[in-house]
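See below for the structure under consideration.
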Amino acid sequence: MKRKTVMITGATRGIGEACARRFAASGYNLILTGRNTEKLESLKKDMGDGTEVLTLAFDVRDAGAAAAAVRSLQGGWREIDVLVNNAGLALGLEKEYEGDTEDWWTMIDTNIKGLLTMTRLVVPGMVERNRGHVINIGSVAGDQAYAGGNVYCATKAAVKTLTDGLRIDLVDTCVRVTNIKPGLVETNFSVTRFHGDRDRAENVYKGIKPLTGDDIADVAVYAANAPQHVQIAEVLVLATHQANGYTISRRDGED
């Protein structure tokens, strides 16, 4: 059987990189996107024999660059079976009335507008072929706000609503839509949020065994490989000692 193709945004680290490795192991060819050409090429070289990999370097905030990248796809690469809208970030943890407006716009442009851009570029082809799957990486933060999370939580609430709306719009097709909502995942997420302050980032996971990027990638691959009549609409994935976005039991000595 022909190998399916998955496009993953923000593929050079964290959940995106884990998804790349898991989908490759599951028999998919990969279109990996990100802003860093060197990291994309390094990841491409790491993939095992039998996996075809195409890399596209662009920022999802740049709609023109994203459109040019998708238009550049040739032949079978144009037939994207799974789109993983993973590119996203959090910046800052200030009170809303004290927040950095540049951080706000970066989160909104990446987490919402970037996701919309990629959806608009890729999903029409899925509809035309009457097959495909969109997997959006949302967050438990989209269910309830937490202290300092204001704008980030709002962007992930938007992801939930946009995912639900897309599923409604595609209900008369065979295209499926999934929202995966992770809780605490130890990646570079908190380092980015705190603008490179690793000590502060490490405290986020202190006293609890968090999820890993692989844990979320496993869910994404499971959803994509479900029987065609099964649409896994939404999955909330939390660490064992996390109940929601802000209720966490921390234990001394936990790693």
Side-chain angles (χ1 to χ4, degrees), residues 4-26 28-36 39-40 43-44 47 53-62 65-66 69-70 80-91 106-123 126 132-142 152 155-156 158-160 162-163 166 176-193 211-225 232 234-237:
K4 292 183 178 181
T5 297
V6 57
M7 172 181 274
I8 303 167
T9 66
T12 57
R13 61 174 61 183
I15 293 172
E17 179 181 349
C19 283
R21 297 185 188 280
R22 285 294 199 264
F23 272 99
S26 192
Y28 285 73
N29 289 328
L30 310 175
I31 302 174
L32 306 179
T33 87
R35 294 177 295 171
N36 189 309
K39 288 182 179 179
L40 286 170
L43 183 58
K44 178 179 179 178
M47 293 302 151
V53 182
L54 179 68
T55 62
L56 298 173
F58 64 90
D59 189 331
V60 295
R61 293 179 296 171
D62 186 337
V70 173
I80 297 168
D81 297 284
V82 181
L83 169 64
V84 179
N85 275 317
N86 167 72
L89 76 169
L91 292 170
T106 299
M107 287 187 282
I108 291 168
D109 288 349
T110 306
N111 301 358
I112 302 176
K113 293 167 69 174
L115 178 144
L116 278 170
T117 293
M118 297 309 300
T119 299
R120 182 65 180 85
L121 290 170
V122 174
V123 172
M126 293 180 173
H133 195 159
V134 178
I135 299 176
N136 291 333
I137 305 299
S139 173
V140 63
Y152 173 70
T155 66
K156 289 304 184 176
V159 170
K160 172 178 170 54
L162 291 170
T163 307
L166 182 63
R176 302 181 294 182
V177 185
T178 299
N179 183 23
I180 300 177
K181 305 186 301 184
L184 281 175
V185 183
E186 188 168 12
T187 62
N188 207 55
F189 176 88
S190 291
V191 176
T192 299
R193 162 167 264 170
L211 302 168
T212 68
D214 288 340
D215 295 325
I216 307 308
D218 286 342
V219 176
V221 171
Y222 179 83
N225 288 339
I232 299 173
E234 186 171 281
V235 184
L236 174 63
V237 190

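Computed from heavy atoms alone, side chains included, the values below leave out hydrogens, waters and symmetry copies. Here the structure is a predicted model, which means the values were calculated and not measured.
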Min side-chain heavy-atom separation [X]-[Y] under 4.5 Å:
| X | Y | result |
| --- | --- | --- |
| I135 | V82 | yes |
| F23 | V84 | yes |
| L43 | E17 | yes |
| V70 | M118 | yes |
| N225 | S26 | yes |
| L89 | N111 | yes |
| T178 | H133 | yes |
| T155 | Y152 | yes |

Y222 and V235: side chain to side chain contact (heavy atoms under 4.5 Å, CB included), yes or no, with the steps?
CA-CA 11 Å; Y222 179 83; V235 184; over 6 Å; no

Nearest 0.5 angstrom please: [X] [atom1] to [Y] [atom2], how far?
| X | Y | atom1 | atom2 | result |
| --- | --- | --- | --- | --- |
| T106 | L91 | OG1 | CG | 6.0 Å |
| L54 | L40 | CG | CG | 10.0 Å |
| L30 | T55 | CG | OG1 | 11.0 Å |
| T187 | L211 | OG1 | CG | 10.5 Å |
| I180 | I15 | CD1 | CD1 | 8.5 Å |
| N179 | L236 | CG | CG | 9.5 Å |

Can you tell me if [X] uses its side chain to pair, donor with acceptor, with the backbone of [Y] under 3.5 Å?
| X | Y | result |
| --- | --- | --- |
| K156 | I137 | yes |
| D59 | R61 | yes |
| D218 | D215 | no |
| D81 | T5 | yes |
| R22 | I216 | no |
| T9 | N86 | yes |

Work out which heavy atom in [X] is nearest to a heavy atom in [Y]; give both atom names and the distance.
| X | Y | result |
| --- | --- | --- |
| C19 | A220 | SG-CB, 4.2 Å |
| A24 | M47 | CB-SD, 3.8 Å |
| G16 | I8 | O-CG2, 3.8 Å |
| L56 | A69 | CD1-O, 4.0 Å |
| L83 | M126 | N-CE, 3.8 Å |
| M107 | A90 | SD-CA, 3.8 Å |

Does atom NZ of K44 have more than 12 heavy-atom neighbours from other groups under 6.0 Å away?
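Yes, NZ of K44 has more than 12 neighbouring heavy atoms, counting only those of other groups under 6.0 Å.
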
Side chains of T12 and N36: is there a donor and an acceptor less than 3.5 Å apart?
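Per modelled atom types, T12 and N36 side chains form no pair under 3.5 Å.
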
Partner of N85 under side-chain hydrogen bond (donor to acceptor under 3.5 Å, both in side chains), chosen from T163, T117, N136:
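Result for side-chain hydrogen bond (donor to acceptor under 3.5 Å, both in side chains) with N85: N136.
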
If the threshold is 4.0 Å, N to carboxylate O, is there a salt bridge linking K160 and E234?
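Yes, charged N to carboxylate O under 4.0 Å.
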
